[in-house]
Asks: 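Attaching a single structure in structure tokens format; questions to follow.
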Number of protein chains: 2
Amino acid sequence: MTTRRAGLRERKKQATREALREAALRLALERGPDNVRVDDIAEAAGVSPRTYNNYFSSREEAIVAAVTAERGSRVAAAVAARPADVRLADGVLDAIVEQYTAPGEPGRDALLLITTSPALRNAFLDATAAIEHPLADAIDDRLGGTDPFTARVLAASVAAAVHVALERWLQQAATSPAGGGLVVPAGSLPDLLRTALAPLTPALDAAEVRPRRAEH
Amino acid sequence: MTTRRAGLRERKKQATREALREAALRLALERGPDNVRVDDIAEAAGVSPRTYNNYFSSREEAIVAAVTAERGSRVAAAVAARPADVRLADGVLDAIVEQYTAPGEPGRDALLLITTSPALRNAFLDATAAIEHPLADAIDDRLGGTDPFTARVLAASVAAAVHVALERWLQQAATSPAGGGLVVPAGSLPDLLRTALAPLTPALDAAEVRPRRAEH
DNA sequence: GGCGAAATATGCGCACACGCAAGTTTGGAG
DNA sequence: CTCCAAACTTGCGTGTGCGCATATTTCGCC
């Protein structure tokens with residue numbers, strides 16, 4: 001068929017996964033997050049309720065996934081795409097900021113929706129952990145012969161910093177419900193991300209400069 | 001009464017919380033983790049099943065809490081107790097290693113139990129997040145006039161590194177009994193913690209040396 | 001010492017997450 | 001083409017997490 005690589009199976013899986021994401025987000029947007037049951041999402045996607053939980057382990061996960069899907073691989077690709085002569089810290093920072101400031105077309109009102117419900121906020125924050133493994137691989141590639149464990153720790157730290165930044169962002173986004181204006185004027189997300197990642201710069205630099213064993 | 005501080009309410013809360021922890025761990029040890037229902041734990045602690053979920057939000061949390069309780073405040077206190085002239089990085093590292101290598105009397109077989117069940121492993125790893133806030137406060141105290149946000153990020157990174165170390169430790173603890181194929185260097189938990197925290201040393205040093213605003 | 005407000009404990013009900021054991025589909029080997 | 005094994009889906013049953021309304025306990029205050 002039109003598919004090049006062997007994998008009709010895999011295509012179907014990705015299709016249902018995306019169908020579930022889209023259905024979950026659409027229903028949550030048009031009815032509000034609390035008026036959507038998993039059965040509704042499953043039905044809208046044309047699968048059994050049980051199958052839903054084979055793809056997502058919580059009700060909020062599918063909604064959030066519509067926004068955060070592929071964020072991990074995107075960040076990893078962005079890091080890998082930086083020219084080899086830029087500092088690792090800069091590359092990582094730019095890649096992160098780039099991915100988190102380009103929510104694309106469908107993401108604007110979706111993010112507003114997420115701000116609404118505490119459960120969705122937590123799910124959104126948890127989704128940050130998904131960048132850890134791809135980012136670890138990307139960092140490991142950059143560091144060449146260094147211990148992969150170090151890359152792993154650095155990636156986890158970056159993810160943790162992003163988590164803190166997003167937490168702060170959501171927090172002040174929720175606390176500023178003044179006029180009800182959907183616009184969140186306060187500290188911009190890029191600034192928050194830069195500020196949160198700044199303290200890690202020395203660690204990333206050190207890992208890059210000293211490719212040998214850590215220290216005695 | 002014998003209580004000094006105002007708080008009979010608080011005392012009772014702590015009492016039931018500890019009763020739940022202890023009951024959960026005891027039952028899990030004598031019957032195996034899968035043969036313990038929340039109703040059993042609640043009954044053993046003398047409270048309603050509903051009340052259990054006012055204290056712990058999952059079945060595993062109580063069992064794990066019996067081992068990890070107060071770990072956050074312990075770490076924070078240990079950091080605060082270091083003499084003022086030692087480097088922050090060293091202080092944090094020593095405090096962490098100290099707390100995670102002194103599981104005390106009741107912890108040995110409990111940790112073995114946790115190794116058994118994947119659900120318990122995850123709960124144990126999630127419990128690592130509890131050190132973030134206390135540690136952030138402790139680091140903030142050390143850094144004096146610096147931006148608290150930086151301390152927050154550093155604490156989150158440390159917690160993430162500890163998480164990675166524990167993950168690796170549990171993983172090889174679970175894989176080792178079966179043939180022990182791929183044995184990794186640095187088998188002991190203290191070594192793993194030191195190795196995981198080492199890459200963050202430059203970040204902690206930099207935060208300590210430059211107490212003024214971040215940059216630019 | 002007693003009283004009103006706040007915090008906590010409990011019962012009820014619902015939706016959810018997931019293990020298990022079928023049925024159903026896919027990919028490949030002969 | 002056929003058939004088998006592996007992967008995926010589905011229905012069922014159970015235990016669980018938690019919102020809500022209510023009863024009970026604790027605290028501050030006079």
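Lettering of chains follows the sequences in order, A, B, ..., and the numbering in each one begins at 1.
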Asks: Check this one for me: any side-chain N or O of A/Thr51 less than 4.0 Å away from OP1 or OP2 of D/dT10?
Replies: yes

Asks: Have a look at B/Phe56 and say if it touches a base, only the backbone sugar-phosphate, or nothing, with a 4.0 Å heavy-atom cut-off.
Replies: nothing

Asks: On DNA chain D, compare the nucleotides closest to A/Thr16 and B/Glu60; which residue's is nearer the 5' end?
Replies: A/Thr16

Asks: Is the shortest side-chain N/O distance from A/Lys12 to OP1 or OP2 of C/dT26 below 4.0 Å?
Replies: yes

Asks: Is the cationic atom of B/Arg59 (NZ for Lys, CZ for Arg) positioned less than 6.0 Å from the six-membered ring centroid of B/Tyr52 and within 45 degrees of its normal?
Replies: no

Asks: NA contact type, B/Arg50, heavy-atom cut-off 4.0 Å: base, sugar-phosphate, or nothing?
Replies: base

Asks: May I have the distance from A/Asn54 (atom CG) to D/dT10 (atom P), rounded to whole angstrom?
Replies: 9 Å

Asks: Keeping B/Thr16 on the side-chain end and B/Lys13 on the backbone end, is there a donor-acceptor pair under 3.5 Å?
Replies: yes

Asks: Side-chain N or O of A/Tyr52 versus OP1/OP2 of D/dT10: is the shortest distance under 4.0 Å?
Replies: no

Asks: Map B/Pro49 and B/Arg9 onto DNA chain C by nearest heavy atom, then report which one ends up closer to the 5' terminus.
Replies: B/Arg9

Asks: Classify B/Arg37 by what it touches in the nucleic acid, base, sugar-phosphate, or nothing, heavy-atom distance under 4.0 Å.
Replies: sugar-phosphate

Asks: Closest approach to the side chain of B/Ser48, judged atom by atom: which nucleotide of C/dC16, D/dC8, C/dG11 is it?
Replies: C/dG11

